[in-house]
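Shown next, in C-alpha cells, is the structure this report addresses.
Fair warning: this is a prediction, and the values are worked out from it, not measured in the lab. Just so we're on the same page: letters track the sequence lines, and every chain starts at 1.
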Amino acid sequence: MSKDSESSRLRDERLKKLQTLREQGIQPYPYKFERTHQNKDLQEKYKDLANETETQDVVKVCGRVMNERNTWMFVDLYDDSGKIQLFCHKENLDKDKLQTLKLFDKGDIIGATGTIRRTKAGELSVKVTDFELLCKSLQPLPDSWSGFTDVEARYRHRYVDLIINPEVRDTLRKRSLAIRTIRNFLDSRGFLEIETPTLQVEAGGADARPFVTHHNTLDLELYLRIATELHLKRLVVGGFERVYEIGRIFRNEGISTRHNPEFTMLEMYCAYGDYKDLMDFTEEMLLQCATSVCGTSDLVYQGQVLNFKQPFKRIRMVDAIKEVTGKDVESMKTFDEVKACATEIGVRLDGEKTRGEVINTIFEEKVEHTLIQPTFIIDYPVEISPLTKAHRDRPGEVERFELMVAGRELANGYSELTDPLDQRARLEEQARKKAAGDVEAMPLDLDFILAMEYGMPPTMGIGIGIDRLVMLLTDSASIRDVIAFPTMKPHKEEKPEQSV
RNA sequence: GGAUCAUUAGCUCAACGGUAGAGCAGUUGCCUCUUAAGCAAUUGGUUCUGGGUUCGAAUCCCGGAUGAUCCA
C-alpha cells in the first residue's frame, strides 16, 4: 500500500529502477569491492598532474554519488576521505553500460574502474572504463545546494546529516581525536584504563538523579551510574595507583544546549598527588588536546578566543565572588549573614540550608558565567563536597577545584578524601539529606566506606566532561552537535513503507 | 517549569483573511558538453495536529505535538 505523497512517489521511481536493474541481471546489493585508492589518496598522488593530461594508471574507486552532470557523463563520487570525479564518456563504455548508468540515482553507492586524468577544467577524474552498483539507495537526498538545515530533522536522521553536511563528520572525527589524545596522554604516563559497572545498586559519586532500571532474574532495582568515582577509588584502594575510565554517564535531568541525559566523562585518579599537582596535570592534558585537535593553544569558541596556554588563572571561590560582586563572603561567618548577602545582590535561593551551599549558589549565579578564559576556582565549601579532603589550612573548606571555561564548568577535581571516619560522617550527612527529601543527595555506600577503611593512599582525582571539551574544540554551540545520536523525544513512527 | 519563536512539496523557502507558489531534486526529451552544467516540457500538497471565529483560514483565536533560543 503506497501513500499518495511526493515522498513515496520518489521512492517508487527508485524501486522501479531497482526492479529493472534486477531484470538485467545486476545485483544491486553486492558483497564487496576491492578499491585501489581512497579519493584523497588520488588527489594527493596526482596533485601535480597538469590539466588535460592523463596517465595509464588504472585505479578502482568507490563511494556515494552526490551529484551528476550531463546525463551521468560527470559524476561526483564521495568516499570517507573526499571527492573524485568520474568521467563516463560514451567512447569508453558500451551501450548496455550507458543504459545502466541511467538507472542510477544520486545517493547510490558505486564502484568504478578507469585511468587517471585531469580535465581541462582542472578536475582530477577517473576516466571510467567499467563500473558497478554497490548499493541502490531508495531515499532522495536533500538538495546539496540549499542544504539540510532543519535542526530537528538533522538530529533525528543523523545519517542524512552526515551525508550532506561535512562539518558534522568533521566534528565527530575531532571528538575521536580528542579522546584518543587523552588516552595517549594518560597511557604514556602509566595510567590503566579500567571499566567499572554501569548498573549499580546505589548511584553515588555525584549530586544527580539517576535512571532506574530493573534486573529480572535478581528481581532487583538497579540504577544507571551517575559517576564512576566510587568504583575507581576502590581500584586505588586495591593498589592501582593510576587509573582512569572514559565512560558513559547517565543523569536523569533536563535537556539543554549543555546537557544530554547520557554523556561521556573522563574520571582519572592518581595516587600520591594533591589538587595542586592535579591542576598542573590538567593544564598539560588540555593543552595537548587543543594543540592536537586544533593545532593551536588559542581556541576560537563562539567568537571568543580561549587561551589554553599554561598556567591557567587560579582563584579561591570566595575571592572570585569578591571580584565580581564586591562582597566578602569569607568574612560572613554565619548562614544568616551570607543569606542576607545573597538576597541583597539578587541571588534567588532555593532550599539552601548551609552557609557553604549559599556561597556556592552565589558563585554559580553571579560569577560562573563571567569566567571565559580557563580558570581554576579553588577551595570549595565542605558542605557541597562530600568526597573531598578537608583543606589543610582553612576550616570549612576542601581542597577542590572546578575548571571554568567559556562561562561553564569543564572539570571538577580534588584531593580525595581518604579518612574513612570523615568519609563516613560526610556520607551519613548526605543520607540524612536524602531521607529529608533531597533527591540529589548521595546514598550511604557502606561498601565504599569499608574500602576506605582498608586504606587509600593520598590521591588526586578529576572528572572532565568530554562532550563539553569537544564543544570547545569544535566551536559547537550545542552539546547535541558533538553527540552522534543525541537524546530526542519520539515524534511519530517513521519507517520505510513495505516494498511493493 | 516559564517566555518567545518555528513547523507549507523530497530539500531550501514564498504566499495582505480571498485560486497554495518558486528554486533545486524527480520524470520525459535535447545536448558528449561539466563544476549549483544548460535548454524545453512536466509530475508532485491532509500547509504539524485538534477545535473555534469567518461567506471564506497556511494566515486570526484556543488546546495539543515536536523542535530552537532565552530564563529559572
Side-chain angles (χ1 to χ4, degrees), chain A residues 2-17 20 43 51-52 65-78 82-95 97-98 101-108 117-128 137-161 163-165 253-260 302 342 346-352 361 364-366 368-369 407-408 476-481 486-494 496-497:
Chain A
S2 87
K3 224 173 22 168
D4 184 24
S5 71
E6 174 72 354
S7 162
S8 66
R9 294 179 35 147
L10 293 171
R11 184 167 177 273
D12 287 346
E13 292 281 358
R14 292 183 176 221
L15 283 171
K16 261 190 338 207
K17 291 176 185 169
T20 308
Q43 297 287 0
N51 291 2
E52 277 192 278
V65 174
M66 294 303 289
N67 199 10
E68 152 271 321
R69 288 176 291 282
N70 186 32
T71 329
W72 294 86
M73 186 174 177
F74 300 101
V75 175
D76 290 340
L77 192 72
Y78 281 78
K83 172 191 164 186
I84 191 99
Q85 176 173 267
L86 303 183
F87 177 57
C88 303
H89 199 279
K90 64 181 175 187
E91 283 174 7
N92 301 310
L93 294 163
D94 63 39
K95 226 169 212 156
K97 279 285 181 184
L98 287 167
L101 211 44
K102 290 186 177 170
L103 295 170
F104 289 179
D105 285 289
K106 290 171 192 176
D108 288 356
R117 153 193 180 83
R118 193 177 291 280
T119 66
K120 75 176 164 198
E123 190 74 43
L124 189 71
S125 307
V126 174
K127 189 166 144 189
V128 176
S137 164
L138 299 181
Q139 296 289 339
L141 288 175
D143 154 30
S144 61
W145 179 243
S146 49
F148 185 48
T149 60
D150 182 273
V151 188
E152 181 177 356
R154 287 181 45 217
Y155 293 146
R156 286 189 194 280
H157 305 289
R158 188 65 111 170
Y159 36 89
V160 183
D161 197 19
I163 292 169
I164 297 295
N165 295 317
E253 296 166 348
I255 295 177
S256 77
T257 49
R258 298 173 199 186
H259 300 87
N260 197 65
Q302 306 291 294
V347 171
R348 285 240 304 260
L349 298 180
D350 180 32
E352 287 80 351
T361 301
E364 286 178 351
E365 295 287 316
K366 290 289 172 184
E368 191 169 303
H369 67 272
R408 54 190 79 158
S476 299
S478 170
I479 195 169
R480 295 184 149 193
D481 293 326
T487 304
M488 299 291 283
K489 201 165 175 178
H491 199 211
K492 57 187 172 189
E493 204 172 342
E494 290 184 77
E497 294 162 57

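- Between the P atoms of B:G38 and B:A57, the separation comes to 40 Å (whole Å).
- With salt bridges taken as basic N to acidic carboxylate O contacts below 4.0 Å, one links A:Arg158 and A:Asp161.
- With sequence neighbours excluded, the residues satisfying side chain to side chain contact (heavy atoms under 4.5 Å, CB included) with A:Asp150 are A:Glu152, A:Ala153.
- Note: CG (A:Asn67) to P (B:C11) measures 18 Å, nearest angstrom.
- Rounded to whole Å, atom C1' of B:G44 lies 17 Å from atom CZ of A:Arg11.
- Partners of A:Asn260 according to the side chain to side chain donor-acceptor pair (under 3.5 Å) rule, which considers only residues two or more places apart in sequence or in another chain, are A:Thr487.
- Nearest heavy atoms, A:Gly107 versus A:Leu141: CA-CD1, 3.7 Å.
- Although no hydrogens or angles enter the test, the distance criterion places no donor-acceptor pair under 3.5 Å between the side chain of A:Asp105 and the main chain of A:Asp108.
- A:Glu68 places a side-chain N or O within donor-acceptor distance of the main-chain N or O of A:Thr71, the cut-off being under 3.5 Å.
- Taking the C1' atoms as reference points, B:U43 lies 16 Å from B:A22, given to the whole Å.
- When the C1' atom is compared between B:G2 and B:G51, the two are found 25 Å apart, to the nearest whole Å.
- Between the CD1 atom of A:Ile163 and the P atom of B:C11 there is a distance of 14 Å, given to the nearest Å.
- A:Arg258 approaches A:Gly407 most closely through the heavy-atom pair NH1-O, 4.1 Å.
- B:G18 and B:A58 are spaced 13 Å apart, taking the C1' atom of each and rounding to whole Å.
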Please list, one pair per line, the donor and acceptor atoms closer than 3.5 Å that link side chains of residues 82-92 of chain A to other protein atoms, with sequence neighbours excluded.
residue : atom : partner  : partner atom : Å
A:Gln85 : OE1  : A:Arg69  : NH2          : 2.8
A:Gln85 : NE2  : A:Ser125 : OG           : 3.0
A:His89 : ND1  : A:Glu91  : N            : 3.1

Inset, instruction - Could you run through nucleotides 27-35 of chain B and give me one letter per nucleotide, 5' to 3': B if any protein heavy atom sits under 4.0 Å from the base, S if only the sugar-phosphate is that close, - if neither? - result: S---BBBBB
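- The backbone N or O of A:Asp350 lies less than 3.5 Å from a partner atom in the side chain of A:Glu352, making a donor-acceptor pair.
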Legend entry - Watson-Crick and G-U pairing of RNA chain B written in dot-bracket, each distance under 3.5 angstrom, with | for inter-strand partners: (((((((..((((....[..)))).(((((.......))))).....(((((..]....)))))))))))).
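- The ring pair (Phe, Tyr, Trp, His ring centres under 6.0 Å) check on A:Tyr78 picks up nothing, with sequence neighbours excluded.
- Between B:C60 and B:U35, the distance separating the two P atoms is 44 Å to the nearest Å.
- Partners of A:Lys102 under the side chain to side chain donor-acceptor pair (under 3.5 Å) rule, at least two apart in sequence or in another chain, do not exist in this structure.
- For A:Thr149, a side-chain nitrogen or oxygen approaches OP1 or OP2 of B:U12 to under 4.0 Å.
- For the C1' atom pair drawn from B:U7 and B:C13, the interatomic distance equals 13 Å after rounding to whole Å.
- Judged as a side chain to side chain donor-acceptor pair (under 3.5 Å), and not counting sequence neighbours, the contacts of A:Glu364 are A:Asn360.
- A gap of 13 Å separates the C1' atoms of B:G17 and B:C61, to the nearest Å.
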Polar atoms only, N or O, under 3.5 Å: list the protein pairs with nucleotides 19-25 of chain B and their distances.
residue : atom : partner  : partner atom : Å
B:C24   : O2'  : A:Asp143 : OD1          : 3.1

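- Going from atom CD of A:Glu68 over to atom P of B:A36 covers 14 Å, rounded to whole Å.
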Inset, instruction - Apply side-chain contact (heavy atoms from CB on, under 4.5 Å) to A:Met66 and A:Ile164, showing your working. - result: CA-CA 9 Å; A:Met66 294 303 289; A:Ile164 297 295; 4.2 Å; yes
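- Between the CH2 atom of A:Trp72 and the C1' atom of B:A37 there is a distance of 15 Å, given to the nearest Å.
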Legend entry - Per-nucleotide protein contact string for nucleotides 67-72 of chain B, where B marks a base within reach and S marks sugar-phosphate only (heavy atoms under 4.0 Å, - for neither): SSS--S
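- At whole-Å resolution of the value, CG in A:Asp108 and P in B:G26 are 11 Å apart.
- Partners of A:Asp143 under the salt bridge (Lys or Arg N to Asp or Glu O under 4.0 Å) rule, at least two apart in sequence or in another chain, do not exist in this structure.
- Legend: residues meeting side chain to side chain donor-acceptor pair (under 3.5 Å) with A:Asp481, ordered by chain and number and at least two apart, are A:Tyr155.
- B:A20 sits 13 Å from B:U59 when the P atoms are compared, rounded to a whole Å.
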